[in-house]
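Here's the structure, in structure tokens; my notes come after.
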Amino acid sequence: MRHQPVLLVIAHGSRDPRHAATVHALVRRVRSLRPGLRVETGFLDFNIPSAQGMLESLAAEGVRDVVALPLLLTRAFHAKADIPAVLRDAPRRLRIRQAEVLGPSPLLLSALERRLYEAGLTPADKSSTGVVLASAGSTDPEAIAVIADIAREWWHTGWCAVRPAFASASLPRTEDAVRELRELGCSTVAVAPYVLAPGFLPDRIARGAAGADVLADVLGPSPEVARVLLERYDAARTPMLAAVGA
């Protein structure tokens, strides 16, 4: 391949150092899956390098083409407003294409199940286990609808029940969904955080899971998440490659 755009992963950022550490671990896994692909990281807030600073550095190096990939699970405010604003202010010599957000994806459902099994469940537990799909939350109706759709899709794979919950901005909260699954009669209740990295809102999810039997870890640098990043990159780079005749 004569031409391969740089993959710039744009993460939200957090004051919690676990957030950046998890993002960097995920990026390392992406690099390991696609040797030779240049993968960089930029943050919208709190952490360095900033997304804007990384774009300026790439331009200064002579990089021409960049795929900017939002490290986000839904198309909410950051994907619709914050990241496009950063990209509009990027150096003009860069050709930038914004990739789609990570979710929804069957691979992310696989990653959620991986985390639940790592937390102690087995496939044999599915029919008796109710799962809370706990996301960060959003005021964006589209993002909320996507979480509800994912919960319904996941339930059809054999769980006793799956209920969405939100750590902020929307209802129900994790603890309310846990209570609902208890009342529904599920013999086991598990909480699956639909979040990428630790931080303030994942900690709130964990507190809300106090009444559950199982609390899974965040998605983090799971291989399924890394594969989704590469899928989104490939989908975004295809028209760029066609434009330069690669």
Side-chain angles (χ1 to χ4, degrees), residues 11-23 25-26 46 71-74 76 78 102-104 108-140 143-222 224-225:
H12 181 271
S14 172
R15 292 186 178 90
D16 189 322
R18 297 174 298 168
H19 175 89
T22 302
V23 171
L26 175 58
F46 302 117
L71 195 63
L72 302 167
L73 294 172
T74 59
H78 296 304
L102 303 186
L108 294 178
L109 289 181
S110 297
L112 287 165
E113 294 205 0
R114 170 193 289 274
R115 293 304 188 218
L116 285 171
Y117 298 150
E118 289 171 349
L121 293 179
T122 70
D125 298 319
K126 289 186 75 167
S127 63
S128 60
T129 299
V131 180
V132 178
L133 179 68
S135 74
S138 174
T139 57
D140 189 305
I144 297 304
V146 166
I147 299 301
D149 288 343
I150 293 170
R152 283 192 292 270
E153 179 183 351
W154 203 15
W155 170 58
H156 286 300
T157 68
W159 296 99
C160 174
V162 180
R163 295 290 186 269
F166 307 93
S168 68
S170 309
L171 294 173
R173 294 287 184 257
T174 302
E175 53 269 32
D176 299 325
V178 168
R179 189 179 309 111
E180 180 185 350
L181 291 172
R182 291 283 187 212
E183 293 171 354
L184 191 63
C186 298
S187 58
T188 302
V189 175
V191 174
Y194 190 60
V195 293
L196 288 165
F200 176 76
L201 293 178
D203 285 348
R204 180 178 287 177
I205 290 172
R207 290 193 296 271
D213 302 297
V214 174
L215 170 62
D217 199 358
V218 299
L219 295 173
S222 65
E224 295 88 353
V225 176

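Computed from a predicted structure; not experimentally measured.
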Side-chain (Asp213) to main-chain (Val189) donor-acceptor, under 3.5 angstrom: yes

Taking all atoms of both residues into account, what is the closest heavy-atom pair of Thr157 and Lys126, and its distance? O-NZ, 3.1 Å

List the atom of Ser138, the atom of Ile144, and the distance in Å for their closest heavy-atom pair. O-CD1, 3.4 Å

Arg115 side chain to Val218 backbone, donor-acceptor under 3.5 Å: yes

Shortest non-hydrogen contact between Pro164 and Ala148, atoms and distance: CG-CA, 4.4 Å

Before accepting this row, confirm whether a basic side-chain N of the pair Asp217/Arg114 lies closer than 4.0 Å to the acidic partner's carboxylate O. no

Just verifying a value: how many Å separate Ser168 OG and Ile205 CD1, rounded to the nearest 0.5 Å? 8.5 Å

Contact summary for Thr74 and Ala143, nearest pair of heavy atoms: OG1-CB, 3.6 Å

Angle between ring planes, His78 versus His12, binned at 30° and 60°: parallel, tilted or perpendicular? perpendicular

Heavy-atom closest pair (Glu224 atom, Ala111 atom, distance to 0.1 Å) is CB-CB, 3.8 Å

Any donor-acceptor N/O pair, Arg204 side chain to Ala167 backbone, under 3.5 Å: yes

Any donor and acceptor pair, going by atom type alone, linking the side chain of Asp203 with main-chain N or O of Phe200 inside 3.5 Å? no

Donor-acceptor contact below 3.5 Å, side chain Ser128 vs main chain Ser187: no

